[in-house]
Amino acid sequence: MRERDRADPVTHLRRRVSSAAGRATDIASRVPGPGVVQHLGRLWQRHVRERPDQYQASITFPTAPDQPTVGEIHGWIGDLEHVFEGRLDVYARRGSVAVVTDHVSDELFDEAAFDAVCKRIEDGYSGSRSTVHLRKWRLNDGNLVRAHVIVPVKPLFPRDEADDPAARATTGLEAD
């Protein structure tokens, strides 16, 4: 009866090969592969070097009577066209103008000029809107892209003189 309960040598060999293959698969899955190496390279480029391969921007310019004039917006678009080497698309929308740029390589992108244009846009909308500037890291065709999204947004509540600390001091209002 005991000999009958034992597995035959072929079955025993199959079990040992199967368990060895399982262990080999576990070990191989822990070894860094090309995907892991690429991911580590992108992390190094993003967090240590802080230099992307390409740049891209998407900017919305709201238009209204109390907003910057169309001439000012046209000037900002011209400056952006210079910064992005002419690689941009302009869309007229109801109540706004949108600018979306193509991806521009790091060698062609002038970061100082782009920062100056962003500052002028913020100054242009400073009286009526707050400007939100989001910076995102994206992957495009194996290249690391630094995407800028700039949107002037309306404040939720109208600006009030009581929000100004100097005005609060003169009125005697204090917040706890």
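The figures here come from the full heavy-atom set of this structure, side chains too, leaving out hydrogens, waters and symmetry mates.
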task: Check the pair Arg146, Trp137 against side chain to side chain contact (heavy atoms under 4.5 Å, CB included), reporting the backbone distance first and the verdict last.
output: CA-CA 5 Å; Arg146 180 66 178 235; Trp137 292 94; 2.9 Å; yes

Heavy-atom check, side chain of Arg87 versus side chain of Leu108, under 4.5 Å: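 Yes, at least one pair of side-chain atoms sits under 4.5 Å.
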
Please report the shortest heavy-atom distance between [X] and [Y], naming the atom on each side.
{"X": "Phe84", "Y": "Ala57", "result": "CZ-CB, 3.6 Å"}
{"X": "Pro152", "Y": "Arg129", "result": "O-NH1, 3.6 Å"}
{"X": "Val83", "Y": "Ala113", "result": "CG2-CB, 3.7 Å"}

Mind checking whether [X] and [Y] sit in one hydrophobic cluster, side chains of I, L, V, M, F, W, Y counted as touching below 4.5 Å?
{"X": "Val132", "Y": "Val149", "answer": "yes"}
{"X": "Val99", "Y": "Tyr91", "answer": "no"}
{"X": "Phe61", "Y": "Val151", "answer": "no"}

Measuring from atom [atom1] of [X] to atom [atom2] of [Y], what distance do you get when rounded to the nearest 0.5 angstrom?
{"X": "Ile59", "Y": "Ile121", "atom1": "CD1", "atom2": "CD1", "answer": "4.5 Å"}
{"X": "Ser58", "Y": "Asp89", "atom1": "OG", "atom2": "CG", "answer": "10.5 Å"}
{"X": "Glu85", "Y": "Glu107", "atom1": "CD", "atom2": "CD", "answer": "11.5 Å"}

message: Please check this pair: side chain of Tyr125 against backbone of Pro62, looking for a donor-acceptor N/O pair closer than 3.5 Å.
response: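 Present.
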
field: Thr101 and Tyr55: CA distance, side-chain angles, deciding distance, side chain to side chain contact (heavy atoms under 4.5 Å, CB included) verdict
entry: CA-CA 9 Å; Thr101 66; Tyr55 289 88; over 6 Å; no

Trace of the side chain to side chain contact (heavy atoms under 4.5 Å, CB included) decision for Ile77 with Val97: CA-CA 10 Å; Ile77 292 172; Val97 175; 4.0 Å; yes

query: salt bridge (charged side-chain N to carboxylate O under 4.0 Å, His left out) with Arg120: which residues, sequence neighbours excluded?
result: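 Testing Arg120 for salt bridge (charged side-chain N to carboxylate O under 4.0 Å, His left out), a comparison that skips the adjacent residues, returns Asp79.
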
- prompt: Are more than 12 heavy atoms from other residues, nucleotides or ligands located less than 6.0 Å from atom CG of Asp141?
  reply: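 Not more than 12 within 6.0 Å, no.
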
- request: For atom NE2 of His82, decide whether the heavy atoms of other residues, nucleotides or ligands shown that lie under 6.0 angstrom number more than 12.
  value: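 No, the 6.0 Å shell around NE2 holds no more than 12 heavy atoms from other groups.
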
- prompt: Testing Asn140, Leu144, Asp102, Asp106 for side-chain contact (heavy atoms from CB on, under 4.5 Å) with Gln54, which one passes?
  reply: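 That would be Asn140.
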
query: Is any NZ, NE, NH1 or NH2 atom of the basic residue among Lys119 and Asp123 found under 4.0 Å from an Asp or Glu carboxylate oxygen of the other?
result: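 Yes, this pair counts.
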
- prompt: Would Gln56 and Val100 satisfy side chain to side chain contact (heavy atoms under 4.5 Å, CB included), going step by step from the backbone distance to the final call?
  reply: CA-CA 8 Å; Gln56 191 247 345; Val100 179; 3.9 Å; yes

